[in-house]
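Worksheet: one structure, shown below.
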Amino acid sequence: MLSTVLKQLKSHPALIPLFVFIGGGATMSMLYLGRLALKNPDCSWDRKNNPEPWNKLGPNDQYKLFAVNMDYSKLKKDRPDF
């Protein structure tokens, strides 16, 4: 199957950007899903030792991908301990 794709790319060079952008998009989406699975507090991989990971977050932990004008080191604790 790979030889057929390479043969098509050699005969139709206009398909090269299409393959590059689709491959890049698939790679970025897989990296984002991996980040969500490993860094997001909503996802619990170890239910025995840490059944509620969202309760263990500190007030200055950043778990969002992008925060506009937010300095997490200056935040104070405004929630009770459970």
Side-chain angles (χ1 to χ4, degrees):
M1 178 160 173
L2 187 60
S3 64
T4 307
V5 171
L6 290 176
K7 189 186 300 183
Q8 288 291 324
L9 286 177
K10 286 180 183 177
S11 63
H12 301 290
L15 292 176
I16 293 173
L18 178 71
F19 278 90
V20 168
F21 283 107
I22 288 178
T27 302
M28 285 189 285
S29 66
M30 295 308 276
L31 288 173
Y32 181 68
L33 284 175
R35 185 194 181 279
L36 284 178
L38 296 175
K39 297 287 186 180
N40 200 358
D42 296 332
C43 189
S44 177
W45 291 94
D46 188 13
R47 292 185 183 175
K48 292 180 183 176
N49 295 328
N50 193 8
E52 296 176 343
W54 50 88
N55 285 336
K56 302 229 186 237
L57 286 177
N60 56 0
D61 289 339
Q62 179 182 0
Y63 61 91
K64 291 184 177 182
L65 181 65
F66 183 71
V68 179
N69 297 331
M70 180 63 82
D71 188 11
Y72 285 94
S73 64
K74 294 181 181 177
L75 289 178
K76 296 178 183 175
K77 185 176 179 180
D78 61 349
R79 57 183 179 236
D81 289 329
F82 290 107

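The figures that follow rest on heavy atoms only: side chains count, while hydrogens, waters and symmetry mates do not.
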Handout entry: Interatomic distance, Lys10 atom NZ to Ile16 atom CD1 [nearest 0.5 angstrom]
Key = 10.5 Å
Practice task
Report whether Val20 and Val5 are members of the same hydrophobic cluster (ILVMFWY, side-chain heavy atoms less than 4.5 Å apart, transitive linking).
Solution key: yes
Problem - Leu33 CG to Leu38 CG distance, which is reported to the nearest 0.5 Å - result: 11.0 Å
Handout entry: From CD1 (Ile22) to OG1 (Thr27), nearest 0.5 Å
Key = 11.5 Å
Problem - Atom of Ala14, atom of Pro17 and distance for their closest heavy-atom approach - result: O-CD, 3.3 Å
